[in-house]
Amino acid sequence: MVLTMTKPSEEGKIWEWRAFGRIDDELARKVSAYPIRFDVKDLVGEDVYLVSPLSNQNVKLRKYSGGWLLKFKLLLETRPGSFELYKETAEFTYPFPVSIDTLKGTARLLAIKLPDNVLSVEKFAEQDFVQALAQSSPPALERHVSKRRSQYQLENGWIELADVEFRNRRIQSLSVNSTEFEAVQEMVSRLDPSGELEAMNYIEACRRWG
């Protein structure tokens, strides 16, 4: 059964370790031994990442059945080994049209300067919003990413397996998530991902594979 992207936003500060590459059968068996989380099984969706050369902040448009939403996944901290702390909340999700203040906030996150011609506009639909960022200095580029995701529940976190399609690459992704840094470290060590997986976040992957 294929589901569309309807999962609610995570809430709070969450540690994440993510990698892209090939998930071998042994690793898939280890992960799938855990129970499914929140019925997230083969959840299909589409995101448009807005990628700046000056910022690693995760800013995207996410497609839902009713249209598109703007979503911030705020990067707070990075530790050696590609462990990252994000803040997520429903308050960082915005339906279109969005206000000029939301556009300005997005530009600050992406460390870019908006063009003067948009500053007098009060509301922005999806395409106008993306175009304003593309015309900024430096430009934020839109990168379309399709995903099929499944999540598995841990005692103090969760694991996600995903099939991901970028413009120039189809690939798999594994992430380990928890509010506790040590829990993510321990699970990554327990899973012992193979050398066919390279740790990076979605922004880095978008830069590499477009």
Side-chain angles (χ1 to χ4, degrees), residues 3-47 49 51 55-60 62 64 69-93 109 145-164 166 171-208:
L3 301 176
T4 55
M5 194 82 83
T6 57
K7 186 179 75 66
S9 296
E10 306 294 342
E11 290 288 338
K13 295 179 180 180
I14 300 166
W15 285 98
E16 177 177 294
W17 182 90
R18 181 176 296 278
F20 291 86
R22 190 182 78 86
I23 297 171
D24 61 36
D25 292 342
E26 180 180 359
L27 179 57
R29 281 194 296 270
K30 288 181 183 178
V31 174
S32 60
Y34 292 95
I36 292 293
R37 177 180 186 249
F38 296 158
D39 294 324
V40 179
K41 176 66 174 174
D42 292 330
L43 189 70
V44 173
E46 182 180 354
D47 289 334
Y49 287 87
V51 181
S55 171
N56 287 323
Q57 290 294 343
N58 186 312
V59 176
K60 57 181 169 279
R62 172 156 287 177
Y64 283 82
L69 295 174
L70 172 65
K71 179 178 171 65
F72 299 153
K73 182 178 173 181
L74 193 63
L75 178 61
L76 301 178
E77 182 182 346
T78 300
R79 293 188 183 178
S82 297
F83 296 94
E84 297 179 324
L85 178 64
Y86 288 94
K87 182 177 180 180
E88 294 194 65
T89 172
E91 295 178 9
F92 292 166
T93 302
L109 278 178
V145 180
S146 299
K147 306 174 182 178
R148 182 192 296 264
R149 305 187 296 162
S150 297
Q151 292 184 348
Y152 300 86
Q153 185 68 57
L154 308 177
E155 181 179 349
N156 49 5
W158 69 95
I159 304 170
E160 179 180 282
L161 299 182
D163 295 312
V164 187
F166 298 92
I171 200 165
Q172 293 176 298
S173 176
L174 164 75
S175 73
V176 180
N177 311 265
S178 176
T179 57
E180 303 171 18
F181 173 67
E182 293 78 9
V184 177
Q185 278 189 310
E186 179 185 357
M187 180 52 64
V188 171
S189 177
R190 192 186 311 172
L191 291 175
D192 190 23
S194 73
E196 295 182 76
L197 285 166
E198 182 179 356
M200 70 180 83
N201 60 37
Y202 264 107
I203 301 303
E204 294 170 301
C206 284
R207 291 190 181 120
R208 181 176 298 191

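This structure is a prediction, so every number in the text was calculated from the model and none was measured.
Atom-to-atom distance recorded for Asn177:CG and Asn156:CG is 11.5 Å, nearest 0.5 angstrom. Atoms CD1 and CG, on Ile159 and Leu154 in that order, are 4.5 Å from each other to the nearest 0.5 Å. Asp24 contributes atom CG, which lies 8.0 Å from atom CZ of Arg29 (distance to the nearest 0.5 angstrom). Atom-to-atom distance recorded for Arg148:CZ and Ser173:OG is 15.0 Å, nearest 0.5 angstrom. Note that CD of Glu155 is 10.0 Å distant from OG of Ser178, once rounded to the nearest 0.5 Å. If you take CZ on Arg79 and CZ on Phe181, they are separated by 5.0 Å, rounding to the nearest 0.5 Å.
Taking every heavy atom of both residues into account, Arg149 and Val40 meet most closely at O-CG1, 4.0 Å. Between Ser194 and Arg22 the shortest heavy-atom distance is OG-O, 4.1 Å. The heavy-atom pair separating Pro193 from Leu27 by the smallest distance is CA-CD2, 4.4 Å. Nearest heavy-atom pair, Thr179 versus Trp15, reported as atom, atom and distance to 0.1 Å: O-CD1, 3.6 Å.
Side-chain contact between Phe72 and Thr89 is absent, with no heavy-atom pair separated by less than 4.5 Å. Looking only at side-chain heavy atoms (C-beta outward), Leu174 and Trp17 come within less than 4.5 Å of each other. Side chains of Val59 and Ile203 form no contact here, defined as non-hydrogen atoms less than 4.5 Å apart. Annotation: side chain of Gln172 is not in contact with side chain of Leu161 (no heavy-atom distance under 4.5 Å). Contact check for Gln151 versus Tyr34: no side-chain heavy atoms found under the 4.5 Å cut-off. Val145 is listed as a side-chain neighbour of Cys206, based on a closest heavy-atom distance under 4.5 Å. Here the side chains of Phe20 and Glu198 are not in contact, with every heavy-atom distance at 4.5 Å or above.
Glu180 places no side-chain N or O within donor-acceptor distance of the main-chain N or O of Val184, the cut-off being under 3.5 Å. Using modelled atom types, one side-chain atom of Ser55 and one backbone atom of Leu109 make a donor-acceptor pair closer than 3.5 Å. In this structure, the side chain of Glu204 engages the main chain of Asn201 through a donor-acceptor pair within 3.5 Å.
Ion pair Arg37/Glu160 not flagged as a salt bridge, since none of the NZ, NE, NH1 or NH2 atoms sits closer than 4.0 Å to an Asp/Glu carboxylate oxygen.
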For this session: Could you walk me through whether Ile23 and Leu197 pass side chain to side chain contact (heavy atoms under 4.5 Å, CB included), step by step?
Result: CA-CA 7 Å; Ile23 297 171; Leu197 285 166; 4.3 Å; yes
Problem set entry | Ile36 and Tyr152: CA distance, side-chain angles, deciding distance, side chain to side chain contact (heavy atoms under 4.5 Å, CB included) verdict | CA-CA 4 Å; Ile36 292 293; Tyr152 300 86; 3.4 Å; yes
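Among Gln57, Glu88, Lys87, Glu10, the one residue that satisfies the side chain to side chain contact (heavy atoms under 4.5 Å, CB included) test with Lys73 is Glu88. Residue Asp47 forms a side-chain hydrogen bond (donor to acceptor under 3.5 Å, both in side chains) with just one option from Lys71, Arg62, Lys60, and that option is Arg62.
Partners of Glu84 by salt bridge (Lys or Arg N to Asp or Glu O under 4.0 Å), not counting sequence neighbours: none found.
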